[in-house]
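We name chains A, B, ... by the order of the sequence lines, and we start the count at 1 in each one.
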Amino acid sequence: MNQAARYASTILLALILALPTLIAPARAQLPPDQMITKTLPEPAPNWVFVLDAGFPTTAVAKLDIIDGSTRTMLGQLSGGYLSNFDIAPDHREMYMIDTYYSRAWRGTRTDVVSIFDAKTLNFQAEVEIPPKRILIVPKRDTTAVTADGRFLLVANMTPATSVSVVDLKARKFVGEIDTPGCVQVLAPGNRQFSSMCADGGILTVTLDDNGAAKDKKQGKPYFDPNKDPVFDQPAVIGTKAYFVSYHGAIHVLDLSGAEAVAAPEWSVLGAGDSGWRPGGWQTIAANEKKGIIAVLMHKGGEWTHKQLGDEVWMFDAAKKSRLSRIKLKTPAYSIHLSQGDDPIIYALALKESQMEEYAASDGKYLGVVNQLGTPFLVSGP
Amino acid sequence: MDKFFENLTRAVAQRSSRRSFLSYLGKMMLGASMLPLLPIDRVAATARAENKKPNLDDDTTCDYWKYCAVDGFLCSCCGGGSHDCPPGATPSPTSWVGTCRHPADGRDYIVSYRDCCGKTSCGRCLCANTISEMPLYRPQLDSDLIWCFGAPTMVYHCSTAEIVSVK
């Protein structure tokens with residue numbers, strides 16, 4: 001290398017070394033971060049609530065709030081031992097119905113309704129209720145809010161069965177109503193609730209304006225639990241409850257009156273569907289606007305009612321005819337349909353701790369939300 | 001956890017079962033607004049028809065003969081035994097009952113499934129038998145309930161299987 005070349009390479013090296021210093025002033029300096037706590041907008045139709053019981057250590061339940069359109073986690077609520085979740089019909093408050101022992105797993109039992117602001121997710125208040133609420137692997141209809149948001153109803157079992165009534169407006173426990181032979185609460189109206197009875201009937205309890213029982217009516221059995229029991233978690237849309245049975249019968253009950261009224265039953269099984277059965281945890285979902293029903297199905301024999309579903313079968317509720325069969329990527333335990341114009345099927349895969357989404361219209365796989373713990377229940381606003 | 005969920009969600013269509021309350025529970029609930037005890041012979045008959053051969057040797061597996069109607073974490077995997085609570089846990093005074101056929105002597109034994117309570121869930125060896133299992137409106141046949149009624153706390157730890165008598 002001659003002198004000139006050596007000189008040129010020295011200059012080049014100097015330039016390369018100086019490069020970061022030369023371009024740095026061109027880049028703006030980052031401002032300091034400002035830390036805030038986020039808040040939530042008004043719930044959208046495709047939002048979805050997933051209850052994680054926290055198995056096998058069930059002392060603290062968790063509620064995931066997820067935007068199903070973007071599959072992003074928006075926030076969470078904390079609960080207690082085998083808690084349940086409800087949202088106010090006006091979407092201003094959320095409720096966790098909790099059991100606590102004073103020393104987590106020992107001590108004095110306290111049951112409370114914990115009230116959260118739905119925008120900030122801040123805990124606001126609690127209402128203590130009798131320490132009798134049903135303790136079970138989470139089931140959606142162990143609690144309910146009346147359609148006008150005034151009363152929250154909590155199903156009890158000691159094992160005697162009753163319902164605790166909480167006045168949400170006054171934020172106080174107002175009383176307990178015996179529901180002999182019947183459990184759970186479905187609350188499609190303002191001043192009444194329905195419970196499912198051991199004989200296959202429905203108990204309708206009418207409330208007065210103070211939340212006390214005004215009237216109780218239990219009609220004839222609507223189905224025979226000895227022959228073909230219905231799953232205890234119907235899809236309830238408006239005042240209609242869609243029940244599916246172990247063998248695939250659909251029972252639609254209108255719960256709006258002083259006594260439940262049944263429509264003629266029909267079956268999800270057609271010719272060539274032999275061997276298929278409904279199964280899982282939340283086995284049925286409905287979207288009333290579109291008039292469609294989704295049922296989680298698997299192939300299996302007698303007493304396989306908790307087997308994971310490989311497919312979701314879609315039905316036209318009015319025509320009682322199947323629209324499609326949607327094969328799931330991952331077998332699911334619970335399903336839900338969003339209530340918008342273009343409904344999404346949410347399918348909880350318990351073993352994989354995830355929720356998959358499919359378009360109800362054509363079954364297209366939309367994506368997955370993972371790391372959801374032990375997700376048992378799925379519901380929407 | 002994988003094992004936990006495999007057991008939780010698998011179809012367990014191979015064991016016979018028949019459940020009812022122990023007389024204790026009947027006495028405890030006398031006068032209360034209880035759900036009626038219901039005939040379950042039909043479901044038991046169905047269950048027997050699908051019976052498969054259980055094992056006699058390993059009480060830490062779901063197929064052990066006495067576990068024909070068990071539902072929960074096996075106490076024998078948690079420091080207890082097939083009919084013993086682990087140290088520090090309290091036997092629940094309430095339970096459901098199954099009828100299990102002993103594979104060697106061919107006799108049907110009445111087996112009481114008693115939960116051990118007072119500690120958080122053991123989390124090991126979950127067996128989820130669904131034969132004759134019914135929804136919540138038939139609670140005496142619902143295995144998802146916490147069966148610690150009458151125990152000092154309703155905190156569920158694990159499940160046992162106790163021979164009561166030959167049927």
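- In this structure, CE in B/M154 is found 10.0 Å from CZ in A/R133, a value given to the nearest 0.5 Å.
- Here A/Y81 contributes atom OH and B/T120 contributes atom OG1; the two are 9.0 Å apart, rounded to the nearest 0.5 Å.
- The shortest heavy-atom contact between A/W105 and B/K119 is CE3-CA, 4.5 Å.
- To the nearest 0.5 Å, the span separating CG on B/L145 from CG on A/L82 amounts to 10.5 Å.
- Smallest separation of non-hydrogen atoms from A/V230 and B/P135: O-CG, 3.2 Å.
- Residues A/M157 and B/L136 approach most closely at CE-CD1, 4.0 Å, considering heavy atoms.
- Proximity to chain B (any heavy atom under 4.5 Å) is shown, for A/T108, by neither the backbone nor the side chain.
- In this structure the side chain of B/D144 reaches within 4.5 angstrom of the side chain of A/K139, judged on heavy atoms.
- If you look at B/Y137 and A/F223, their ring centroids are closer than 6.0 Å.
- Comment: A/D199 does not engage B/R138 in a salt bridge, judged by the lack of any side-chain N to carboxylate O separation of less than 4.0 angstrom.
- When each of A/I136, A/V183, A/V137 is tested with B/D142 by the rule side-chain contact (heavy atoms from CB on, under 4.5 Å), just one qualifies, namely A/I136.
- Closest heavy-atom contact between B/M134 and A/P225: CE-O, 3.2 Å.
- Here the shortest heavy-atom pairing between B/S121 and A/T58 reads OG-OG1, 4.4 Å.
- Using a 4.5 Å cut-off on side-chain heavy atoms (C-beta onward), B/E133 and A/P229 make no contact.
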